[in-house]
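What follows is a short report on a single structure.
Atoms within a ligand are numbered from 1 in the order they appear, just like the ligands themselves.
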Amino acid sequence: MPTNFRNRDILSISEFSKADILKVLEHAQRLKAARRPTLLQGQVLGSCFFEPSTRTRLSFESAMQHLGGGVIGFADPNATSTKKGETLYDTIKIVSGYADVITIRHYLEGAARRAAEASDKPIINCGDGANQHPTQTLIDLFTIAECQKKLNRLNVALVGDLKYGRTVHSLAQALVHFNATLYLVAPDALQLPTQASRELREQGVRFSCHRTIEEVIAKVDILYLTRIQEERFGDPLDYERVKNAFVLSNKQLGRARPNLRILHPLPRVHELLPEVDATPYAQYFEQAHNGLFVREALLGLVLGKLK
Ligand code: CP
């Protein structure tokens with residue numbers, strides 16, 4: 001049975017059961033098929049972004065407006081009283097008096113949970129440091145189901161920055177529910193953190209570690225590519241050593257399965273050449289578009305307007 005979403009904080013994908021995930025995806029599918037322009041009339045989204053974003057912030061704000069609601073918030077914390085020393089707790093407490101639901105992105109792990117302590121309105125984690133990005137994972141799953149016509153028993157390669165990439169941390173956890181086989185492709189320095197791989201092992205997930213895309217390309221249904229997260233490296237020289245570890249080009253796709261689809265949470269930097277965009281494997285722009293419908297579904301659910 002899925003949990004009741006009304007007033008629920010969305011902090012980590014680990015708090016979602018399989019039934020919860022499927023419920024969000026079903027609502028997203030309906031919202032993609034038919035618009036609901038008055039569903040959230042009179043409701044206000046507080047959009048609090050302490051870190052840069054294009055897709056997450058704009059798709060949530062667009063989702064709220066498509067459903068008839070309004071948006072307040074900020075994309076630059078330097079234009080708020082944070083600049084004068086106001087704490088995260090106080091900022092969120094104040095915004096919760098002005099909004100019915102709050103989206104937050106922050107550079108610190110655990111910031112969304114701290115925001116939830118300050119707010120009596122639902123908090124949606126839009127990325128906290130290298131920790132979690134649960135709404136991106138729901139978009140990833142929606143897109144995988146859409147392009148593969150199933151979610152169960154897929155071979156999925158997670159490629160790139162598995163150490164700092166919060167989207168892969170969340171996605172690996174979610175795929176536990178769907179009997180996936182994971183291929184973890186990263187330089188040694190950027191492999192999945194030990195704790196995360198221990199959890200996968202404990203949950204009986206089949207996974208193996210690899211250094212090159214060539215080792216896995218002929219085996220996988222989904223290639224989930226990620227950017228090396230420059231902003232999370234303590235030493236710029238460490239970033240320089242790995243920044244070009246993966247550059248996906250059409251040449252590497254010669255042995256791909258016909259049903260292979262490439263996903264990427266975006267933005268891309270060096271790791272995905274624009275020439276790949278024109279191949280039938282490229283699914284990342286549709287993935288970003290799907291963000292609108294998945295986020296509409298989440299807003300409708302936590303505000304109690306979808307059941
Ligand atoms: N995928 C994602 O989180 O993109 P933004 O950083 O642009 O929000």
Side-chain angles (χ1 to χ4, degrees), residues 10-13 16 24-25 28 45-66 71 73-77 101-109 111-112 115 123-144 146-147 156 158-175 222-233 239 243 246 248 261-272 274 276-277 282-299:
I10 308 294
L11 302 180
S12 168
I13 202 71
F16 278 66
V24 175
L25 303 198
L45 168 67
S47 177
C48 300
F49 276 67
F50 294 84
E51 243 195 357
S53 166
T54 299
R55 280 146 290 273
T56 312
R57 184 174 70 81
L58 295 179
S59 62
F60 258 120
E61 294 183 4
S62 178
M64 194 59 166
Q65 290 174 12
H66 273 104
V71 179
F74 55 88
D76 176 8
V101 53
I102 295 174
T103 46
I104 176 172
R105 171 170 288 187
H106 202 282
Y107 49 87
L108 290 177
E109 292 183 22
I123 295 287
I124 302 181
N125 182 5
C126 292
D128 59 331
N131 186 31
Q132 280 275 323
H133 196 346
T135 71
Q136 179 66 49
T137 297
L138 293 164
I139 295 162
D140 300 340
L141 294 172
F142 181 84
T143 306
I144 292 170
E146 193 173 58
C147 66
V156 179
L158 303 176
V159 183
D161 188 344
L162 310 188
K163 179 178 182 184
Y164 297 116
R166 56 195 173 199
T167 63
V168 286
H169 298 164
S170 297
L171 182 56
Q173 277 179 6
L175 286 170
I222 295 290
L223 187 78
Y224 190 93
L225 198 53
T226 60
R227 173 178 70 88
I228 310 287
Q229 309 262 307
E230 180 177 8
E231 66 275 26
R232 313 224 185 273
F233 281 73
Y239 173 69
K243 73 176 187 189
F246 302 106
L248 186 68
R261 292 295 177 271
I262 301 162
L263 270 65
H264 191 312
L266 303 176
R268 62 175 156 188
V269 190
H270 311 286
E271 68 285 352
L272 176 56
V276 179
D277 299 358
Q283 200 67 27
Y284 30 90
F285 291 123
E286 188 58 22
Q287 178 188 6
H289 182 223
N290 285 337
L292 187 59
F293 312 109
V294 172
R295 288 171 172 140
E296 283 184 10
L298 282 167
L299 290 171

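Residues meeting the side-chain contact (heavy atoms from CB on, under 4.5 Å) test with Thr143, sequence neighbours left out: Ile139, Leu263, Gln283, Gln287, Asn290. Judged as a side-chain contact (heavy atoms from CB on, under 4.5 Å), and not counting sequence neighbours, the contacts of Ala172 are Leu158, Leu182, Leu200. Not counting sequence neighbours, the partners of Phe16 by the ring pair (Phe, Tyr, Trp, His ring centres under 6.0 Å) test are Phe5.
Aromatic ring pairs are classed by plane angle as parallel below 30°, tilted from 30° to 60° and perpendicular above 60°; the pair His106 and Phe50 is tilted.
Residues Asn125 and Thr135 form no side-chain contact, since every pair of their non-hydrogen atoms from C-beta on lies 4.5 Å or further apart.
The main-chain N or O of Phe49 is never found under 3.5 Å from a side-chain atom of Arg105 such that the two would form a donor-acceptor pair.
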Contact table, ligand 1 N/O with protein N/O, distance under 3.5 Å:
residue, atom, partner, partner atom, Å
ligand 1, 1 (N), Gln136, OE1, 3.0
ligand 1, 1 (N), Pro265, O, 2.8
ligand 1, 1 (N), Leu266, O, 3.1
ligand 1, 3 (O), Thr56, OG1, 3.0
ligand 1, 3 (O), Arg105, NH2, 2.9
ligand 1, 3 (O), His133, NE2, 2.9
ligand 1, 4 (O), Arg55, NE, 3.0
ligand 1, 4 (O), Leu266, O, 3.4
ligand 1, 6 (O), Arg105, NH1, 2.8
ligand 1, 7 (O), Thr54, N, 2.8
ligand 1, 7 (O), Arg55, N, 3.0
ligand 1, 7 (O), Arg55, NE, 3.2
ligand 1, 7 (O), Arg55, NH2, 2.9
ligand 1, 8 (O), Ser53, OG, 2.6
ligand 1, 8 (O), Thr56, N, 2.9
ligand 1, 8 (O), Thr56, OG1, 2.6
ligand 1, 8 (O), Arg105, NH1, 3.4
ligand 1, 8 (O), Arg105, NH2, 3.3

